[in-house]
Chemist: 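Sharing a structure below in structure tokens format, with a few things to ask.
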Amino acid sequence: QVQLVESGGGLVQAGGSLRLSCAASGRIFSINAMGWYRQAPGKQRELVAVIDRGSGTNYADSVKGRSAVSRDSAKNTVYLQMNSLKPDDTAVYYCAALGLRTTAWGTRGDYWGRGTQVTVSS
């Protein structure tokens, strides 16, 4: 019923930039927060950045100062601008819609995209 589709990943050189986009579609009444997580090979999935309905943001220390998360609530879309990319940023990036309700009376749940690969070459 709910789908999240990411776009914008790819191969980029160290020091470069990229912008990830994610659109949530389907039966959506409200979303508390949207954001991005990533998982590198052999590592656990980790938070990159999230933004809530009040535009409050939370960033991983590793991306602070060189990343910006933004959201278009009317379109249920979230973006991640990443600059000064490093090889350590290489991972699969997952979009998340957190605390999503499909109806006004429904329970909240977390939904995830399938992920988009970001590879930063040195």
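Scope of the values below: all heavy atoms of this structure, side chains included, with no hydrogens, waters or symmetry mates. By convention here, the first residue in the shown sequence is residue 1.
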Chemist: Return yes when atom CZ of R114 has more than 12 non-hydrogen atoms of other residues, nucleotides or ligands closer than 6.0 Å, and no otherwise.
Modeler: no

Chemist: If you take all heavy atoms of R71 and S73, which pair is closest and at what distance?
Modeler: NE-OG, 3.3 Å

Chemist: Quick check for you: to the nearest 0.5 Å, what is the distance between R53 atom CZ and I31 atom CD1?
Modeler: 9.5 Å

Chemist: To the nearest 0.5 Å, tell me how far L85 CG sits from S67 OG.
Modeler: 7.5 Å

Chemist: Do Y93 and M82 have side-chain heavy atoms sitting under 4.5 Å apart?
Modeler: yes

Chemist: Does some side-chain heavy atom of F29 sit less than 4.5 Å from a side-chain heavy atom of T102?
Modeler: no

Chemist: Nearest 0.5 Å, what's the CZ-CG distance between R108 and L98?
Modeler: 11.0 Å

Chemist: Looking only at heavy atoms, which two atoms of P87 and A14 are closest? And how far apart?
Modeler: CD-CB, 4.1 Å

Chemist: Minimum heavy-atom separation for G115 and V92, please, with both atom names.
Modeler: CA-CG1, 3.8 Å

Chemist: Cation over ring, R19 on Y79, under 6.0 Å and within 45°?
Modeler: yes

Chemist: Considering only heavy atoms from C-beta outward, does the side chain of T57 approach that of V50 to under 4.5 Å?
Modeler: no

Chemist: Other than W105, what residues sit in its cluster of Ile, Leu, Val, Met, Phe, Trp and Tyr side chains whose heavy atoms are under 4.5 Å apart, directly or through others?
Modeler: none

Chemist: List the residues meeting side chain to side chain donor-acceptor pair (under 3.5 Å) with K64, not counting sequence neighbours, and say none if there are none.
Modeler: D61

Chemist: Which heavy atom of L11 sits nearest to which heavy atom of S121, and what is that distance?
Modeler: CD1-CB, 4.3 Å

Chemist: Looking at side-chain heavy atoms only, is the closest gap between Y111 and C95 below 4.5 Å?
Modeler: no

Chemist: Looking at side-chain heavy atoms only, is the closest gap between T90 and V118 below 4.5 Å?
Modeler: no

Chemist: Is there a side-chain contact between W112 and E6 (heavy atoms, below 4.5 Å)?
Modeler: no

Chemist: Does a side chain donor of either R38 or S62 reach within less than 3.5 Å of an acceptor in the other side chain?
Modeler: yes

Chemist: Are L47 and Y59 grouped together when hydrophobic residues (ILVMFWY) are joined by side-chain heavy atoms under 4.5 angstrom apart?
Modeler: no

Chemist: Measuring from S30:OG to L100:CG, what's the distance to the nearest 0.5 Å?
Modeler: 7.0 Å

Chemist: Partners of Q117 by side chain to side chain donor-acceptor pair (under 3.5 Å), sequence neighbours excluded?
Modeler: T119

Chemist: Which value, rounded to the nearest 0.5 Å, describes the distance between T77 atom OG1 and M34 atom CE?
Modeler: 6.5 Å

Chemist: Would you indicate whether E46, at its atom CD, is surrounded by more than 12 heavy atoms from other residues, nucleotides or ligands within a distance under 6.0 Å?
Modeler: yes

Chemist: With L80, which of L20, L18, V63 fulfils side chain to side chain contact (heavy atoms under 4.5 Å, CB included)?
Modeler: L20

Chemist: Go through the steps for R66 and D89 under the test salt bridge (Lys or Arg N to Asp or Glu O under 4.0 Å), then give the verdict.
Modeler: CA-CA 12 Å; R66 58 188 185 94; D89 294 318; 2.8 Å; yes

